[in-house]
Number of protein chains: 2
Amino acid sequence: MKMIAGGVCAAKGFTASGMHCGIRKNKDKNDLSLIYSSVPASAAAVYTTNLVKGAPLLVTKEHLQNGTAQAIICNSGNANTCNANGVEIATEMAALAAEALHIEKSDVVVASTGVIGQPLEIAPIAAGIPALAASLSENGSAQAALGIMTTDTVMKEVAVEFTLGDKVCHLGGIAKGSGMIHPNMATMLVFLTTDVAIAPAMLQKALSGDIQKTFNMISIDGDTSTNDMVVLLANGLANNAEITDDSDDFAAFMKALNTVNIALCRTIAGDGEGATKLLECKVTHAPSEETAKTVAKSVICSSLLKAAMFGADANWGRVLCAIGYSGAHVDVNKIGVSFSSAKGSIEVCKNGAGLPFSEEKAKEILLEKEIEILVELCDGSEEATAWGCDLTYDYVRINGDYRT
Amino acid sequence: MKMIAGGVCAAKGFTASGMHCGIRKNKDKNDLSLIYSSVPASAAAVYTTNLVKGAPLLVTKEHLQNGTAQAIICNSGNANTCNANGVEIATEMAALAAEALHIEKSDVVVASTGVIGQPLEIAPIAAGIPALAASLSENGSAQAALGIMTTDTVMKEVAVEFTLGDKVCHLGGIAKGSGMIHPNMATMLVFLTTDVAIAPAMLQKALSGDIQKTFNMISIDGDTSTNDMVVLLANGLANNAEITDDSDDFAAFMKALNTVNIALCRTIAGDGEGATKLLECKVTHAPSEETAKTVAKSVICSSLLKAAMFGADANWGRVLCAIGYSGAHVDVNKIGVSFSSAKGSIEVCKNGAGLPFSEEKAKEILLEKEIEILVELCDGSEEATAWGCDLTYDYVRINGDYRT
């Protein structure tokens with residue numbers, strides 16, 4: 001398997017485009033994106049568990065009931081959530097895209113991201129869609145990735161090439177993250193495309209299984225969004241023998257999916273609102289995977305630890321504290337903690353108590369942009385990893401006046 | 001009932017003192033406090049649910065097994081947690097205090113607060129205790145309150161006077177809060193004293209019941225400390241008829257306790273690390289008290305809402321979002337939200353959808369120092385209140401370099 005360019009257009013038959021249609025005031029920012037498959041594709045999706053759900057999710061769920069889709073339309077700048085006419089607007093978005101693409105309305109996935117509770121006008125979207133459809137291109141992934149960004153500072157696209165039998169296959173995706181990121185069952189917005197031939201049920205199984213170890217293990221701020229959605233389209237144009245069961249090909253596909261998703265997770269976490277660092281908490285030697293996940297996520301979510309990482313302060317007591325209140329059953333007297341980065345590694349806690357260490361060396365390690373926090377529970381052989389970011393002045397600045 | 005001065009010394013027979021003994025480098029800050037009852041008192045306590053527990057909590061739990069205590073010794077600047085010799089040091093603190101006061105070691109409550117995982121030297125404490133004991137005074141509550149502060153910016157003491165039968169009674173307390181505040185079963189450090197005569201079992205019942213509606217409903221940063229502890233001493237010097245069951249006197253005592261605890265909660269939340277505002281989320285018309293509590297706490301804990309409140313931004317979509325992921329079963333289409341302060345009240349959401357409102361008026365309301373977020377679930381008659389604070393640049397600054 002190798003990483004390649006092309007994002008959501010890396011797989012055969014997929015084109016994409018993005019534009020500024022006028023939902024955002026800032027004309028330099030795209031606010032509408034389209035992804036299209038030249039043939040109908042198997043579709044799998046997972047959604048937020050937030051009880052308050054964006055209207056686009058309700059419409060998309062209905063459209064994906066038959067496991068098939070051919071296009072994704074997504075706007076940024078407005079979440080179309082908590083609006084009395086939200087479903088109507090989301091349905092209209094799908095209908096307009098379907099009309100421009102000459103496909104069925106029910107084969108269009110709809111997504112929105114932005115401010116909650118402000119009416120979304122259909123006019124700029126309606127005016128923009130014809131040009132958006134006309135500009136669909138095999139080189140359009142970047143424009144589409146730009147169109148779904150909110151407070152993201154970097155565009156997020158990843159793709160891999162791999163083989164199934166003698167067929168060259170591709171899987172790629174784009175994502176938006178940044179704030180209100182603490183996915184549960186699904187996550188932020190991630191659109192994945194592949195040319196692999198795979199039955200809808202296996203596609204859903206692959207996605208639902210993988211997100212438990214990838215997107216559901218990210219947290220930027222503990223806030224689970226109302227509009228989280230991951231959609232995966234598989235159009236079969238790689239001409240591999242269709243995957244219909246738990247075969248070796250399915251395992252190979254899962255591996256490709258996991259590779260793309262972990263890469264997107266790391267990009268999303270590292271570009272968390274205001275973040276200066278990517279934090280990766282790896283928990284090893286746990287009695288169960290569930291325990292490892294619970295501990296890893298609790299550490300990544302601790303505001304105090306996140307602020308300490310911003311300050312490059314090896315305050316490992318906050319790691320222990322976060323483990324202690326995580327709800328996981330662990331023997332606190334066995335816990336070991338190390339901090340690592342490109343500058344090396346330093347062990348700071350063993351058997352639940354502090355070790356003497358060089359503050360200077362710790363500072364050097366923690367001043368890097370990617371920090372690994374290794375937690376060894378010394379009570380089993382399971383493990384898990386979670387991703388997050390530091391808590392900074394800019395997170396506060398961005399969220400103190402996001403709306404107005 | 002009336003609010004009075006005197007804090008932890010308002011009740012008859014209680015004296016207190018505080019000093020700088022040398023645990024902290026900054027000589028202008030007290031770091032050791034003592035509270036003393038002239039006679040043995042009934043004692044009740046609640047502790048953190050964090051699996052990682054400060055050594056002082058383990059020692060205190062043992063000492064309070066007989067329901068009696070006569071003194072509280074507490075240091076700040078070091079949590080005495082995750083230290084190999086922690087229990088030994090905490091026991092020594094109790095022994096030294098007992099020696100100076102000529103009481104039993106097992107009648108001394110020990111508490112610590114500060115950095116986790118740094119060895120606590122007994123020397124400065126041993127050197128300080130004789131002077132600390134010698135300076136015990138009826139006017140000592142403020143000095144003791146200063147001695148337990150960490151990043152707190154204001155001293156926290158409250159007291160009330162009330163009557164039971166024809167006896168004038170008093171109940172007062174001091175607290176430290178500020179960071180790592182998200183109590184669960186117990187909370188930060190709160191020391192309460194009363195001269196009411198009450199059986200230990202009823203005292204514990206009063207405390208355990210009240211904290212569910214008071215300290216357990218505060219969150220500063222979602223981090224449940226390893227050293228949370230609330231201790232309540234009742235020495236009986238008010239000479240009321242001893243409370244031994246669920247009588248009218250018990251109800252009157254509960255009311256006094258709740259009054260003092262709510263006042264301390266508001267002070268702790270309003271003085272959260274870096275906070276510029278006290279946030280009070282009141283949830284009404286809920287199907288159950290549990291639902292109301294879950295919703296209120298989720299709103300208060302949302303980093304995004306906290307940042308919006310810092311920016312005086314009426315971003316009510318974040319309130320809806322936090323309700324949606326709270327885990328409570330609510331009908332999101334019935335929810336109403338209003339923001340209030342001394343400048344008035346503004347309704348921003350009804351039946352789960354936005355209402356048109358004056359941004360100018362909303363800004364004026366949210367620029368105040370105490371904000372009430374009223375959430376009406378319109379699905380029952382139960383209610384609950386939670387307290388928190390805004391998320392500010394200063395929270396990040398304080399916690400980016402707290403330890404070094």
Side-chain angles (χ1 to χ4, degrees), chain A residues 48-53 79 81-84 115-119 179-180 182 184 221-226 301-304 307-308 310-311 313-318 320-326 329-330 332 349 351-354 359 363 391-393 395-404, chain B residues 48-53 79 81-84 115-119 179-180 182 184 221-226 301-304 307-308 310-311 313-318 320-326 329-330 332 349 351-354 359 363 391-393 395-404:
Chain A
T48 186
T49 55
N50 197 312
L51 286 184
V52 178
K53 290 187 208 304
T81 300
C82 297
N83 292 330
V115 184
I116 297 171
Q118 293 196 347
M180 215 179 256
H182 181 88
N184 191 4
D221 51 15
D223 280 85
T224 302
S225 165
T226 53
C301 289
S302 161
S303 293
L304 286 169
F310 171 57
D313 177 7
N315 197 332
W316 61 269
R318 293 178 178 173
L320 270 278
C321 179
I323 297 169
Y325 66 65
S326 68
H329 294 282
V330 300
V332 297
C349 170
N351 298 327
E359 292 282 354
K363 188 68 109 182
L391 176 62
T392 70
Y393 298 124
Y395 179 86
V396 177
R397 183 185 55 72
I398 291 165
N399 289 300
D401 63 352
Y402 174 60
R403 195 183 56 103
T404 48
Chain B
T48 186
T49 55
N50 197 314
L51 287 183
V52 178
K53 291 186 207 303
T81 300
C82 297
N83 292 329
V115 184
I116 297 171
Q118 293 195 346
M180 217 177 255
H182 180 89
N184 192 4
D221 51 15
D223 280 87
T224 302
S225 165
T226 54
C301 288
S302 162
S303 293
L304 286 169
F310 172 56
D313 177 8
N315 198 332
W316 60 270
R318 294 178 177 172
L320 269 280
C321 179
I323 297 170
Y325 66 66
S326 68
H329 295 283
V330 299
V332 296
C349 170
N351 297 326
E359 291 284 354
K363 189 67 108 181
L391 175 62
T392 70
Y393 299 123
Y395 180 84
V396 177
R397 183 185 55 71
I398 291 164
N399 288 301
D401 65 351
Y402 174 59
R403 196 184 54 104
T404 49

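These values consider heavy atoms only, across backbone and side chains, with no hydrogens, waters or symmetry-generated copies. All values reported here derive from a predicted model rather than from experimental measurement. Proteins come first, then strands; the chains are lettered A, B, ... in the order of their sequence lines, and each starts at number 1.
Interatomic distance, OG1 of Thr81(A) versus CG of Leu320(B), reported as 9.5 Å (0.5 Å rounding).
In this structure, the portion of Val332(A) lying under 4.5 Å from any heavy atom of chain B is its side chain and not its backbone. With a 4.5 Å cut-off on non-hydrogen atoms, Phe310(B) touches chain A through its side chain but not through its backbone. Contacts of Val52(B) with chain A are made by both backbone and side-chain atoms, with heavy-atom separations under 4.5 Å.
Top candidate by heavy-atom pairs under 4.5 Å with chain B, chosen from Ala79(A), Ser302(A), Gly354(A), is Ser302(A). Of the residues considered (Ser303(B), Ser326(B), Ala322(B)), Ser303(B) shows the highest number of contacts with chain A, using heavy-atom pairs under 4.5 Å. For chain B, the option among Pro119(A), Ala84(A), Gly117(A) with the highest count of heavy-atom pairs below 4.5 Å is Gly117(A).
One N or O on the side chain of Asn50(B) and one on the backbone of Cys321(A) form a donor-acceptor pair closer than 3.5 Å.
For the side chain to side chain contact (heavy atoms under 4.5 Å, CB included) test, residues two or more places apart in sequence or in another chain that qualify with Ala307(B) are Asn399(A). Thr392(A) pairs by the side chain to side chain donor-acceptor pair (under 3.5 Å) definition with nothing, not counting sequence neighbours.
Listed here is the closest heavy atom pair of Leu391(B) and Tyr395(A): CD2-CE2, 3.8 Å. The two residues Cys82(B) and Trp316(A) come nearest to each other via the heavy atoms CB-CH2, 3.8 Å.
Annotation: side chain of Leu51(B) is in contact with side chain of Val330(A) (closest heavy-atom distance under 4.5 Å).
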